[in-house]
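The block underneath contains the structure these notes are about, expressed in structure tokens.
Note that this is a predicted model, so its numbers are computed, not measured.
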Amino acid sequence: MAEPHSHSHSPEEHAHLHQHTHEHDHHHHDHPPNEFKGADGKIYHSHDGLAPHTHEPIESPGFFSRRARPLTTRDFKERAFTVGIGGPVGTGKTALMLALCRALRDKYSIAAVTNDIFTKEDGEFLVKNNALAPERIRAVETGGCPHAAIREDISINLGPLEELSHLFAAEILLCESGGDNLAANFSRELADYIIYIIDVSGGDKIPRKGGPGITQADLLVINKTDLAEAIGADLKVMEQDSLRMRDGGPFVFAQVKHDIGVSEIVDHIISGWEEATHQTRR
């Protein structure tokens with residue numbers, strides 16, 4: 001018969017195991033110093049002092065009719081009406097920024113801020129293509145998760161946006177997020193009007209996958225419709241799913257690079273600007 005297994009520890013090993021066990025128990029019973037329980041019962045935490053947030057699962061894809069509304073107390077003299085443009089990598093955010101700059105710059109004083117993780121490539125693209133005068137464009141390197149810069153710690157964008165607003169008496173500011181996932185969306189403290197852009201190359205399933213951007217953005221843009229046949233995406237399916245997932249919220253089919261759908265997008269933005277600022281379009 002096998003002897004019962006036994007093992008003795010040196011004093012040093014015993015002390016290490018005791019410390020490990022204590023830390024393990026502490027981990028399970030107490031929250032780290034940067035975590036706390038919110039009024040909603042969820043556990044919040046912050047990264048390096050950034051605004052507290054939670055990573056708990058979202059209970060539903062969200063509803064357009066229940067989305068966070070634009071702030072009614074905003075002083076547009078402090079920072080002009082701000083349009084946030086978000087969406088996954090490669091869907092056409094920067095192309096839309098360029099198209100909007102070209103469409104708006106002759107009638108309105110505008111400026112633009114772009115976000116990339118480690119480069120200034122999108123801002124440089126706008127400068128190279130003469131979207132606006134170079135001094136009206138700022139490129140932000142977020143250095144981490146793109147959604148943190150538009151939702152948790154928006155100060156990295158607020159600074160340049162406020163500066164541009166004052167320098168040029170801006171009426172409309174455009175803020176492009178770095179490419180992110182379907183769960184990303186703008187904080188209302190940053191964006192007065194939110195555009196979320198997807199494209200057909202991800203397949204016709206994308207609208208029904210949901211997420212705050214798809215369901216709760218003020219406007220959903222479905223870009224690159226000219227690729228639908230090559231990808232095998234059914235635009236009718238995307239339309240039906242967008243109607244259902246967005247709870248009646250507006251969406252636009254577009255080919256931004258070919259200037260298709262851009263005028264409709266501009267119309268939605270200016271309508272939002274009129275409503276928020278009580279000014280009349282030009």
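- Here the closest heavy-atom approach between residue Pro160 and residue Val140 is recorded as CG-CG2, 4.0 Å.
- Closest approach of Ile195 to Ile269, counting heavy atoms only: CD1-CD1, 3.7 Å.
- Residues Arg74 and Ala80 approach most closely at NH2-O, 3.0 Å, considering heavy atoms.
- Using a cutoff of 4.0 Å between basic side-chain nitrogens and carboxylate oxygens, Glu176 and Lys93 are not scored as salt-bridged.
- Side-chain N or O atoms of Arg105 include none that pairs as donor or acceptor with a backbone N or O of Ser109 at under 3.5 Å.
- With sequence neighbours excluded, no residue satisfies salt bridge (Lys or Arg N to Asp or Glu O under 4.0 Å) with Glu229.
- Glu141 is linked by a salt bridge (Lys or Arg N to Asp or Glu O under 4.0 Å) to nothing, counting only residues two or more places apart in sequence or in another chain.
- Nearest heavy atom pair, residue Ala111 against residue Leu132, reads CA-CD1, 3.9 Å.
- Contact check on Arg188 versus Asp218 returns a salt bridge, with a Lys/Arg side-chain nitrogen under 4.0 Å from an Asp/Glu carboxylate oxygen.
- Other residues, nucleotides and ligands contribute at most 12 non-hydrogen atoms within 6.0 Å of the CD atom of Glu189.
- Look at Asp267 and Arg281 and you find a salt bridge, because one of the NZ, NE, NH1 or NH2 atoms lies within 4.0 Å of a carboxylate O, short of that distance.
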Leu243 vs Phe251, test: side-chain contact (heavy atoms from CB on, under 4.5 Å). Steps then yes/no.
CA-CA 8 Å; Leu243 284 167; Phe251 58 93; 3.7 Å; yes
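- Pairs engaging residues 117-131 under the side chain to side chain donor-acceptor pair (under 3.5 Å) rule: Thr94-Asp122 [sequence neighbours left out].
- The environment of Glu275 atom CD is sparse: at most 12 non-hydrogen atoms of other residues, nucleotides or ligands sit within 6.0 angstrom.
- Ring-plane geometry between Tyr108 and Trp273 is classed as perpendicular, the angle between the planes exceeding 60 degrees on a 0 to 90 degree scale with a lower cut at 30.
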